Amino acid sequence: MKHESVFSGFGGQGVLTAGMILCYAGLNEGKEVCWMPSYGPEMRGGTANCIAIVSDEKISSPIISKFDSVVAFNQPSVDKFESMVKPGGNLFYESTNVISPPTRTDIDIFPIPAANEANKLNNLKVLNLIMLGAFNGVTNLVDDESIVFGLKQVLPERYHNLIPLNKEAYLIGKRLVEDILSKVG
Amino acid sequence: MKHESVFSGFGGQGVLTAGMILCYAGLNEGKEVCWMPSYGPEMRGGTANCIAIVSDEKISSPIISKFDSVVAFNQPSVDKFESMVKPGGNLFYESTNVISPPTRTDIDIFPIPAANEANKLNNLKVLNLIMLGAFNGVTNLVDDESIVFGLKQVLPERYHNLIPLNKEAYLIGKRLVEDILSKVG
Amino acid sequence: MDEKDLKLNETEFLNEDICVAEYLVYKKPETLIDIDLHYCPGCGHGVVHRLLMEVIEEMNIVDKVIGVAPVGCSVFAYNYMDIDMQEAAHGRATAVATGIKRVLPDKLVFTYQGDGDLAAIGTAETIHACNRGENFLIVFINNAVYGMTSGQMAPTTLPGMVTTTTPFGRDTSITGFPLKISELVAQLPGVCYVTRTSVHTAGNVRRTKKAIQKAFEYQMQNKGTCLIEVLSNCPSNWKMTPLESNKFIEEEMIPFYPLGDIKVPKEEK
Amino acid sequence: MDEKDLKLNETEFLNEDICVAEYLVYKKPETLIDIDLHYCPGCGHGVVHRLLMEVIEEMNIVDKVIGVAPVGCSVFAYNYMDIDMQEAAHGRATAVATGIKRVLPDKLVFTYQGDGDLAAIGTAETIHACNRGENFLIVFINNAVYGMTSGQMAPTTLPGMVTTTTPFGRDTSITGFPLKISELVAQLPGVCYVTRTSVHTAGNVRRTKKAIQKAFEYQMQNKGTCLIEVLSNCPSNWKMTPLESNKFIEEEMIPFYPLGDIKVPKEEK
Amino acid sequence: MAKVKGDIIVDIEKCKGCELCVVACPQGAIALSDNINKKGYHYMIKIKDNCTGCENCALVCPDAVITVYRKSGKKKEKIATISNVQNNMTMEVN
Amino acid sequence: MAKVKGDIIVDIEKCKGCELCVVACPQGAIALSDNINKKGYHYMIKIKDNCTGCENCALVCPDAVITVYRKSGKKKEKIATISNVQNNMTMEVN
Amino acid sequence: MGEVRLMKGNEALAEAAIRAGCDAYFGYPITPQSEVLEYLSREAPQRTGMVVLQAESEIASINMIYGAAGAGKRAMTTSSSPGISLMQEGLSYIAAAELPCLLANINRGGPGLGTIQPAQSDYFQSVKGGGHGDYKLIVLAPSSVQEMADFVRLGFDLADKYRNPVMILSDGAIGQMMEKVELFEQQPKGGTFPKPWATTGKTKDRQRNIITSLHIDPKEMENINLRLQEKYHAIEENEVRYEVMKIDDAEFILTAYGLAARICQKVVELAREKNYKVGLIRPITLFPFPKKLFAEIVPRIKGILDVELNAGQMVEDVKLSVEGKVRVEFYGRMGGIIPTPEEILEHFEKIFIKGE
Amino acid sequence: MGEVRLMKGNEALAEAAIRAGCDAYFGYPITPQSEVLEYLSREAPQRTGMVVLQAESEIASINMIYGAAGAGKRAMTTSSSPGISLMQEGLSYIAAAELPCLLANINRGGPGLGTIQPAQSDYFQSVKGGGHGDYKLIVLAPSSVQEMADFVRLGFDLADKYRNPVMILSDGAIGQMMEKVELFEQQPKGGTFPKPWATTGKTKDRQRNIITSLHIDPKEMENINLRLQEKYHAIEENEVRYEVMKIDDAEFILTAYGLAARICQKVVELAREKNYKVGLIRPITLFPFPKKLFAEIVPRIKGILDVELNAGQMVEDVKLSVEGKVRVEFYGRMGGIIPTPEEILEHFEKIFIKGE
Ligand SMILES: Cc1ncc(C[n+]2csc(CCOP(=O)(O)OP(=O)(O)O)c2C)c(N)n1
Ligand SMILES: Cc1ncc(C[n+]2csc(CCOP(=O)(O)OP(=O)(O)O)c2C)c(N)n1
Ligand code: SF4
Ligand code: SF4
Ligand code: SF4
Ligand code: SF4
Ligand code: SF4
Ligand code: SF4
Ligand SMILES: [Mg+2]
Ligand SMILES: [Mg+2]
């Protein structure tokens with residue numbers, strides 16, 4: 001099993017962190033993982049993305065052009081990565097921010113109104129965990145406890161009080177896709 | 001015809017200039033010439049030398065290890081260059097300053113009391129022209145007028161009044177070897 | 001919400017009798033190219049870019065000016081300024097400017113440099129260009145941090161200030177004190193004009209503009225090196241909102257780096 | 001004249017009852033290795049070398065001292081000083097010294113640098129080592145010229161002075177004014193002691209020695225950077241006899257570079 | 001509402017919502033919108049009609065997105081065409 | 001001749017004839033020899049017997065070739081062996 | 001098993017420096033490697049008392065290394081391409097003075113200011129000598145975060161063993177990516193190699209120590225050079241390291257180092273799926289280069305495809321190793337572009353299978 | 001015939017710079033090339049109004065060149081090995097920004113501070129690229145004082161033609177020796193190539209000009225690189241220069257550049273006296289290297305002896321050119337030692353005649 005994904009959005013939306021939590025979760029389960037950020041000055045108010053690979057075997061190339069899943073937090077990310085989803089793969093997108101949604105028919109597309117849900121939690125920062133929840137709700141790549149493990153690794157000690165909130169957001173994301181899946185399935 | 005020589009002595013004795021005058025003299029006669037100084041911090045109170053080549057044909061290697069003539073202004077120069085005179089070549093040395101004179105028998109050796117003669121002219125600076133005179137007196141490599149041409153090139157305009165004195169020194173050097181040669185021959 | 005709504009919403013107060021060319025009092029200069037600046041929200045670099053272009057436009061010297069961009073957040077300055085520009089290696093802007101000005105002495109040259117660029121890696125070039133009295137303008141953006149590389153200590157970082165390379169605050173016993181490079185170069189005889197300004201309030205923006213204009217005038221008069229140090233913010237790396245960052249300038253930066261002229265040409269003293 | 005004569009000649013005044021160990025008052029230090037110095041006749045480098053070694057010997061700190069030689073005429077300093085030494089790249093002696101001192105904070109470190117080395121190519125390293133207050137001694141030999149490379153202009157060359165690269169005299173409008181680097185670094189808070197001395201008379205030699213000793217003491221007390229600027233001669237490249245060169249120091253150098261303390265530790269002011 | 005003397009035009013797509021203009025405005029005439037632009041920023045909007053055309057907001061704006069008009073006072077001499085304003089703005093001034 | 005109080009030993013082979021010691025000597029006790037050493041320099045010699053052992057000459061000598069003795073005054077405490085002096089010097093001090 | 005962590009390559013390198021007993025780090029920020037200085041500033045001084053100093057420039061850094069290494073300490077700096085170019089004079093001095101120390105170049109796309117994306121365009125500079133004079137660095141090319149850590153320890157050991165500077169030549173992608181890394185145990189600070197030549201203050205029981213690269217007499221300088229060349233020869237004999245993948249039955253060899261090798265591993269997998277007998281040689285030491293391995297394998301193969309993130313640099317060493325005895329082709333992308341495995345495979349097929 | 005003078009190599013280079021219409025020289029003293037700055041300080045400003053400025057360092061020099069060349073002027077600097085190492089970052093920037101300019105390296109023995117005697121140990125640095133990224137300098141190797149002068153004009157012309165930095169790679173001996181030189185006529189200042197890209201102040205009739213090497217988007221950066229590589233290819237096609245001596249009937253080829261080639265001319269003479277059929281190939285352009293000439297001559301010869309004043313650098317390009325088809329041997333001296341013709345001949349005999 002190897003799952004190759006990319007998380008993409010505005011700088012500040014927590015896309016890098018989302019991918020990193022996923023990798024820590026994989027690590028927690030003894031898997032091979034690889035996380036590769038885009039970096040540099042395009043971060044200045046621009047977009048950011050990271051590749052996250054979770055695999056049972058050793059990972060060869062960390063550079064990939066086709067993804068099992070794309071998690072897009074904004075319009076430019078949808079525009080950029082839609083074509084890079086492998087046939088049969090998943091595209092999750094933050095639907096509040098995206099005006100022209102993806103159109104491919106050979107992949108599974110999940111619109112996630114994460115910003116709305118985050119607003120309900122009164123904390124826009126957890127948007128990324130909602131997206132991650134949606135992602136893992138579909139892929140079932142890692143266990144929920146591993147996500148919590150990942151959260152602990154990624155959040156500085158002084159913010160560990162926010163773990164429950166983040167977990168809640170994660171579960172909301174999961175539930176959102178379960179709803180979608182149940183409607184579809 | 002190609003004549004390969006080296007002029008060697010203390011810094012300040014004018015050895016580089018002597019070689020340079022010779023090269024200018026060669027140039028004046030349409031010959032190929034090459035002048036190569038030793039350079040760098042060994043100049044600080046140390047020794048200096050230059051290779052001077054005068055030739056009818058194009059000069060290939062400017063780096064040579066055997067000389068037709070060696071003109072040694074002090075003891076270290078005799079010590080260093082005696083062995084590098086080609087068999088049948090010439091070794092001129094400033095005899096006032098040299099305590100252990102050269103000993104080879106397969107070359108022509110000319111002790112030149114240039115310092116004494118320079119003292120007589122009340123100008124130690126012309127020692128180099130005396131040595132050059134000795135050298136050219138034996139080798140007849142260039143004409144006397146060409147030496148004067150060389151002097152003009154080498155001396156800054158404001159010292160051109162010293163040309164007669166230098167020429168005199170040169171002729172003294174020439175005469176010194178003529179005396180030696182006449183005694184031998 | 002669709003696009004129509006948005007436009008309506010934003011313009012309901014618009015006074016059509018005022019917003020006409022006749023009453024225009026401020027618009028950005030044409031020489032400031034109309035594309036998005038890549039700077040973070042609130043970053044002072046944008047203000048200084050605009051001021052430079054305003055002065056150049058108002059003085060009508062576009063065809064005379066050659067700018068030198070540094071390596072730092074403002075490395076792309078040449079993307080925004082509609083003038084001839086060169087992008088210099090990190091720290092070498094004043095050497096590059098020397099090269100330009102010496103061969104084109106009738107042109108007006110300026111460098112635009114950050115504190116890392118000018119006061120760390122470029123220290124030798126800065127000091128020697130100033131010491132030679134190179135007749136150009138150095139615009140020095142002091143934001144007390146390496147912006148572009150994400151917030152490392154700069155020579156101008158304040159004592160105790162947290163940066164990514166001084167995670168426990170700048171310890172002057174290890175890294176030394178902030179370098180007041182303006183005060184240093186002001187002592188060099190070749191330097192004609194050194195002033196420290198800021199752009200965190202409208203008044204200071206006005207003063208900075210005036211300084212830039214003066215400096216170009218001095219350059220036209222061949223008076224020697226001019227250096228304008230602009231205290232600027234780096235909200236991203238200071239980990240502050242733009243508003244907080246301006247407060248920091250007021251409360252922390254200015255007390256350490258007092259505003260005002262450090263050196264003016266003799267006849268004006 | 002043979003060798004016998006020579007010896008006799010030189011020793012006829014020798015007083016055998018005075019020249020005995022008991023009455024010895026001055027001999028060169030053991031740490032100054034007994035080989036010929038490669039310097040030109042009369043060159044001040046030799047004096048400063050000797051003074052350093054005298055102080056180190058007298059303070060009994062040979063096993064604590066690490067010296068850093070520059071690139072310049074004194075590049076071979078390590079040939080003469082019987083202490084551990086490193087030879088630094090041109091201009092980088094203070095960076096090298098920083099590397100040494102930071103890993104061996106209990107040792108005593110000094111650099112020995114010429115004006116080209118310290119004030120031209122090494123400007124950034126000089127300023128920043130001083131600004132960090134690196135706790136070592138910088139011995140700065142100002143001979144107003146690049147000695148080793150045969151007499152080019154140095155940053156400290158006097159206005160109008162002829163060098164091989166200012167054949168018509170230093171034109172300050174082209175090359176700038178002499179850089180008073182001691183005055184510059186004296187302003188940096190990390191710097192504890194800056195003084196300017198010379199070695200052209202016996203009195204000045206004594207004062208220079210005292211300064212060196214003080215600087216080592218301050219270093220032992222962790223007071224920060226000490227810099228001793230020694231005005232020195234370069235008869236060869238000034239095209240003067242040693243005596244003329246000392247007169248030049250007196251009459252031209254000192255008026256421009258006044259002798260004396262430029263900065264002393266606070267408590268001693 | 002105060003007598004109108006000045007007004008501003010904001011290039012909202014270029015605004016980064018830094019709020020510096022907001023605190024610079026002596027009239028309290030402007031604020032950030034609750035909406036965001038394409039870049040994801042809350043952009044600046046006028047919230048009152050009391051602008052005096054003092055230029056402060058434009059001066060501090062790092063992104064040079066504000067154009068200022070003022071009815072009173074002497075007219076500016078050189079007035080050029082404003083072609084910069086993005087075409088998704090309602091107003092065009094020629 | 002003045003009462004002898006001091007004296008010097010010069011390592012003549014290392015002397016470079018710079019004359020700095022000569023002008024530094026308050027007694028005028030030293031001068032350059034007409035002879036030259038192996039390096040080609042006129043070396044310094046004593047010309048008078050009025051040395052006071054003031055050390056000036058030794059202090060200014062760039063080549064550290066001068067050793068100074070002084071009879072009057074307090075004795076130096078640590079006196080080490082002088083092994084440096086070249087062996088073509090007449091005197092050896094142990 | 002050592003501690004396992006998920007780390008960025010740059011962080012792993014920094015953590016490994018602490019654990020390898022590094023005494024001093026001097027560095028100047030530059031993307032994509034600033035994490036090294038940042039991590040060390042945060043972690044190192046408290047843990048081992050290691051000196052961590054942000055220098056005023058790369059030139060200062062490399063010369064601080066010179067000083068610290070000359071004082072017998074384990075010293076290190078890191079940078080990325082333009083910064084490494086500035087260190088060339090210092091590096092030549094360090095190599096000449098035979099000072100053991102460690103450098104890392106987290107290569108980004110050049111030339112000039114270029115881009116901050118990963119590249120391998122500094123191979124020549126690292127391997128042939130970007131500074132002046134005949135000298136060699138030992139060059140290690142990690143291709144994983146694990147190796148970013150491991151090669152720090154190996155690098156310091158090789159440096160000490162041979163009194164030679166060691167360069168870890170990595171790139172922006174490996175520096176920035178996070179992978180699982182098993183960390184080795186804390187080593188004694190300063191390592192265990194005796195350094196009797198170091199300048200630590202001359203004690204009575206020994207002669208003075210001098211660190212220098214100046215030998216004004218050409219004979220002496222030639223002797224120094226001969227000694228250096230001898231050392232480089234010994235390194236070539238003893239320290240060649242490489243990794244191979246499926247070369248036993250290979251008809252074609254892919255060769256690549258670092259990040260490009262990671263990608264080529266995937267290419268080998270893809271190629272084998274298509275039944276092409278493709279193997280991979282990944283030089284780990286770029287100097288010393290695994291010449292013999294290439295020479296040996298030549299008779300058994302039909303062609304070599306060298307893949308690099310540059311315009312063709314290591315390929316010269318491959319060609320020099322095979323001496324014209326087999327076809328050597330090159331595929332490279334530049335300026336920070338990273339080719340995909342599919343793209344490389346396609347190129348491979350084009351030249352070796354479809355025989356264009 | 002032009003004016004004939006007896007000049008030092010360095011002086012000839014300086015004089016030629018004035019005559020080639022050089023607009024600006026920026027330099028820092030270093031032995032054995034300080035005469036260039038000294039000569040120009042004395043002569044240039046009065047004669048042509050050329051700017052001559054002693055910079056505070058080599059780093060400043062190279063970046064001043066950048067500025068002046070970017071302003072469309074003929075700009076030049078010179079240095080020797082350690083100083084050239086310091087210029088590597090700047091050179092990479094200049095190559096990337098495609099600024100025409102001229103450099104000379106009067107090579108001295110390295111590595112480190114080394115010696116000031118002549119050497120050829122900076123071949124790799126000049127030809128392979130001592131700076132970061134994939135770039136090439138056009139490298140000219142004079143072997144006489146005459147060529148020290150002539151190559152300045154040629155160098156400026158090539159630089160302007162290709163918008164590429166040109167390096168004259170010479171050495172201390174050629175820089176210091178005096179020979180007869182015939183000087184070309186004074187050329188127009190600044191040369192005659194149009195430079196519409198230069199930053200001279202944006203006039204209304206054109207877009208702004210930008211000199212930069214930054215292209216943060218890797219695709220853009222790759223395109224820049226592809227364009228550069230194309231240019232280098234064109235240079236390889238058009239600008240190869242070399243000199244041959246008695247190669248028509250040669251069984252053995254000596255190959256050497258610069259000073260070593262001068263010595264090898266004598267070796268050929270000596271060898272011919274002994275009836276060995278020896279010829280000489282002297283690459284004049286080191287990049288572009290005369291690969292084709294070597295490839296062509298291979299079938300006719302028995303062996304090549306490459307002679308350099310280093311540990312073996314150009315020999316790699318010779319080997320890459322002949323692709324293993326003929327034996328290539330190397331003879332080198334290092335650290336400023338210059339071999340005599342006799343010594344080289346002896347070595348030649350040992351390996352090729354006596355067949356050791
Ligand atoms: C030789 C070199 N070293 C380091 C860097 C990395 N670098 C880019 S910008 C920068 C510092 C920027 O700080 P500053 O000059 O203060 O500008 P700011 O971004 O704060 O405006 C550094 C270190 C580089 N590009 N080149
Ligand atoms: C990088 C580099 N640039 C230039 C040189 C040449 N160089 C050697 S010494 C020197 C200047 C010496 O002058 P200074 O520092 O004043 O020392 P002095 O000889 O006068 O005592 C120069 C430029 C060098 N060795 N290395
Ligand atoms: S990082 Fe700082 S200096 Fe750079 S653009 Fe952002 S706020 Fe401005
Ligand atoms: S050149 Fe000058 S500084 Fe150097 S040794 Fe001679 S006199 Fe002293
Ligand atoms: S012009 Fe003045 S009053 Fe009007 S919005 Fe701007 S700051 Fe407020
Ligand atoms: S200052 Fe400019 S960018 Fe910032 S909120 Fe106001 S209009 Fe927007
Ligand atoms: S010790 Fe004093 S008195 Fe004696 S020779 Fe020396 S300077 Fe003269
Ligand atoms: S000062 Fe020293 S070197 Fe100079 S003349 Fe006197 S003894 Fe000789
Ligand atoms: Mg900054
Ligand atoms: Mg000096």
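Source: prediction; values computed, not measured. Chain letters run A, B, ... following the sequence lines, proteins first, then strands; residues in each count from 1. We use all heavy atoms of the structure for the numbers below, so side chains are in, but hydrogens, waters and symmetry mates are not.
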Donor-acceptor pairs are to be reported for all side-chain atoms of residues 44-52 of chain G against protein atoms at under 3.5 Å, with residues two or more places apart or in another chain.
from, atom 1, to, atom 2, distance (Å)
G:Gln46, NE2, G:Arg42, O, 2.7
G:Arg47, NH1, G:Glu15, OE1, 2.9
G:Arg47, NH1, G:Glu15, OE2, 3.4
G:Arg47, NH1, G:Glu43, OE1, 2.9
G:Arg47, NH2, G:Glu15, OE2, 2.6
G:Thr48, OG1, G:Met50, N, 3.3

Report all side-chain donor-acceptor pairs from residues 159-167 of chain C shorter than 3.5 Å, counting only partners two or more places apart or in another chain.
from, atom 1, to, atom 2, distance (Å)
C:Thr163, OG1, C:Met153, N, 3.2
C:Thr163, OG1, C:Thr165, N, 3.3
C:Thr163, OG1, C:Thr166, N, 3.0
C:Thr163, OG1, C:Thr166, OG1, 2.6
C:Thr164, OG1, C:Gly151, O, 3.0
C:Thr164, OG1, C:Gln152, N, 3.4
C:Thr164, OG1, G:Glu38, OE2, 3.0
C:Thr165, OG1, C:Met153, N, 2.9
C:Thr165, OG1, G:Gln54, OE1, 2.7
C:Thr166, OG1, C:Met161, O, 3.1
C:Thr166, OG1, C:Thr163, N, 3.0

Could you check whether any side-chain N or O of G:Asn10 sits under 3.5 Å from a backbone N or O of G:Pro32, counting only pairs where one atom can act as donor and the other as acceptor?
yes

Under a 4.5 Å heavy-atom criterion, the part of residues 63-93 of chain G in contact with chain C comprises G:Leu86

Which members of residues 119-138 of chain C, sorted by number, sit under 4.5 angstrom from chain G on a heavy-atom basis?
C:Ala120, C:Ile121

Determine, for C:Tyr257 and C:Arg196, whether the Lys NZ or Arg CZ falls below 6.0 Å from the six-membered ring centre while staying within 45 degrees of the axis.
no

Check the pair G:Gln117 / G:Thr115 against side chain to side chain donor-acceptor pair (under 3.5 Å), numbers first and verdict last.
CA-CA 5 Å; G:Gln117 300 304 315; G:Thr115 164; 4.6 Å; no

Does one side chain, of G:Lys180 or G:Gln146, offer a donor that lies under 3.5 Å from an acceptor on the other?
no

Classify the angle between the aromatic ring planes of C:Tyr78 and C:Phe76 as parallel (below 30°), tilted (30 to 60°) or perpendicular (above 60°).
perpendicular

Counting only heavy atoms not in C:Lys247, do more than 12 sit closer than 6.0 Å to its NZ atom?
no

Centroid separation C:His90 to G:Tyr28 less than 6.0 Å:
yes

